[in-house]
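Residue numbers start from 1 in every chain, and the chains themselves are labelled A, B, ... in the order their sequence lines are given, proteins ahead of strands. Atoms considered below: every heavy atom in the structure, side chains included; atoms not considered: hydrogens, waters and symmetry mates.
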There are 2 protein chains.
Amino acid sequence: MRLSKNGAAKPDREEGADRARDVLGGTEIRIAYKIGYVLNFYREPSFRKIEMEFGITRPEIVTLIFLNFREGVTASDICEFSGHLKANISRGIIALEKKKLLRRDVDAKDNRRQLLYLTPAGRALYAKYIPALRERERAMLSCLSASERKLFEGLLDKLAEHVPQWSALDEL
Amino acid sequence: MRLSKNGAAKPDREEGADRARDVLGGTEIRIAYKIGYVLNFYREPSFRKIEMEFGITRPEIVTLIFLNFREGVTASDICEFSGHLKANISRGIIALEKKKLLRRDVDAKDNRRQLLYLTPAGRALYAKYIPALRERERAMLSCLSASERKLFEGLLDKLAEHVPQWSALDEL
DNA sequence: TTTAGATAGTCTCATATGTGACTTTCTCAT
DNA sequence: ATGAGAAAGTCACATATGAGACTATCTAAA
């Protein structure tokens, strides 16, 4: 029942993959459980490593990821697509500003809102940790052929676009 | 840019689904990000509700789910397939035992290990919260046809079986 | 046998997180 | 215009979590 460090099964044990198939198929929420299983192994170790290495929290990590491809957004926007609670994103933004990794301007059109922008230092920090995430994603998907990957992403897109139909934003 | 509570877009804003497609496609780790997006909306609200309603923690929730289909396993086994750290699963098991929701026996073959079994009360508690998780999974997947769902699960299985190849257990 | 190292599980401490209340600002119907 | 209610963001408090040390037990090789 044990896996050794490199993921290979010990001689007298079930092989890891067999065991995974067996176990993961057993719950009453098979698909959700399997998504969680794969994602946990992708995300948790990666994010913990970044947290430790760079002294930032998860909301800070995702805020930098988000701002890297779209600036001038608000804390609420980041909540909406990161799944983090607004209190945590708020704290993260305050911390990032304190470290001069982002800048925020009050929206002239709506004084409640603050528009967020990365500083060069913020962009540089992002550039330090994103390659490991990219590489790990590549490894995760390497068991799928190019066409399977396309297929998988297409189905994921469908699921993602459908999210607003069944999950209210204020649930997060 | 805002979604209203029922997920419908306000008249003068982009529609939720368009916006999601647009935003989610922008990161450097598209597929991982999309998996996280969908899963967050599935898992976080559901689990938080269970936590509050029944006064149990996440490790306790997953321990009950796991034991419901396989008993006589150990804390390590649960770590292996839940993605939770052993300290947290350990605390969860201690709490569940205190509440008489599970029972543990020292393994006669290996005195370090404790074999876990649900009590009827534990099974009853599980039965109270699993229907909502099932229903929410159904809603999440309702945008896929039966054959798309099969396809999606097949690809997920492939990814799950491949996990040991790229992620070491001790990373969790 | 003995012993070095691995493994199962628990504990302590520091930190991150969830909840809900709060302020300020905006929106919209009257 | 004005007042009720929604939305953006912050805060304080309690709790859950992550890191890493620790004990006890097992394994395997000399």
Please report, rounded to the nearest Å, how far the [atom2] atom of [N] is from the [atom1] atom of [X].
| X | N | atom1 | atom2 | value |
| --- | --- | --- | --- | --- |
| B/Arg113 | C/dT10 | CZ | P | 13 Å |
| B/Ile89 | C/dG9 | CD1 | P | 11 Å |
| B/Lys49 | C/dT19 | NZ | P | 13 Å |

Item to complete: Tell me which nucleotide among C/dG9, D/dG9, C/dT19 gets nearest to the side chain of A/Arg104.
Response: D/dG9

Discussion item. Considering only residues two or more places apart or on different chains, which pairs with a residue in residues 89-113 of chain A satisfy ring pair (Phe, Tyr, Trp, His ring centres under 6.0 Å)?
Written reply: none

Worksheet entry | Residues that B/Glu153 engages under salt bridge (Lys or Arg N to Asp or Glu O under 4.0 Å), provided they are two or more places apart | A/Arg30, A/Lys34

Item to complete: Check the surroundings of atom NZ in B/Lys99: do more than 12 heavy atoms from other residues, nucleotides or ligands lie under 6.0 Å from it?
Response: yes

Discussion item. Check for me, please, whether A/Leu96 and A/Tyr126 land in the same ILVMFWY cluster - side-chain distances under 4.5 Å, paths through other members count.
Written reply: yes

Item to complete: May I ask you to evaluate whether A/Ser76 reaches the phosphate of D/dA7, defined as a side-chain N or O under 4.0 Å from OP1 or OP2?
Response: no

Item to complete: Please report the closest heavy-atom contact between A/Phe41 and B/Trp166, naming both atoms and the distance.
Response: O-CZ3, 3.6 Å

Output a table of nitrogen or oxygen pairs between the protein and nucleotides 11-17 of chain C separated by less than 3.5 Å.
| residue | atom | partner | partner atom | Å |
| --- | --- | --- | --- | --- |
| C/dT12 | O4 | B/Arg91 | NH1 | 3.2 |

Practice prompt. With sequence neighbours excluded, tell me which residues meet side chain to side chain contact (heavy atoms under 4.5 Å, CB included) with B/Asn40.
Written response: A/Arg43, B/Glu44

Fill in: DNA chain D: 5'-proximal contact among A/Glu44 and A/Gln114 (nearest heavy atom)
A/Gln114

Worksheet entry | Remaining members of hydrophobic cluster (4.5 Å side-chain criterion), A/Tyr117 | A/Leu115

Worksheet item: Should the pair B/Tyr129 and B/Phe54 be assigned to parallel (<30°), tilted (30 to 60°) or perpendicular (>60°) ring geometry?
Response: tilted

Every protein N/O within reach of nucleotides 25-29 of chain C N/O, cut-off under 3.5 Å:
| residue | atom | partner | partner atom | Å |
| --- | --- | --- | --- | --- |
| C/dT25 | O2 | A/Arg112 | NH1 | 3.4 |
| C/dC26 | OP1 | A/Asn111 | N | 2.6 |
| C/dC26 | OP1 | A/Asn111 | ND2 | 3.0 |

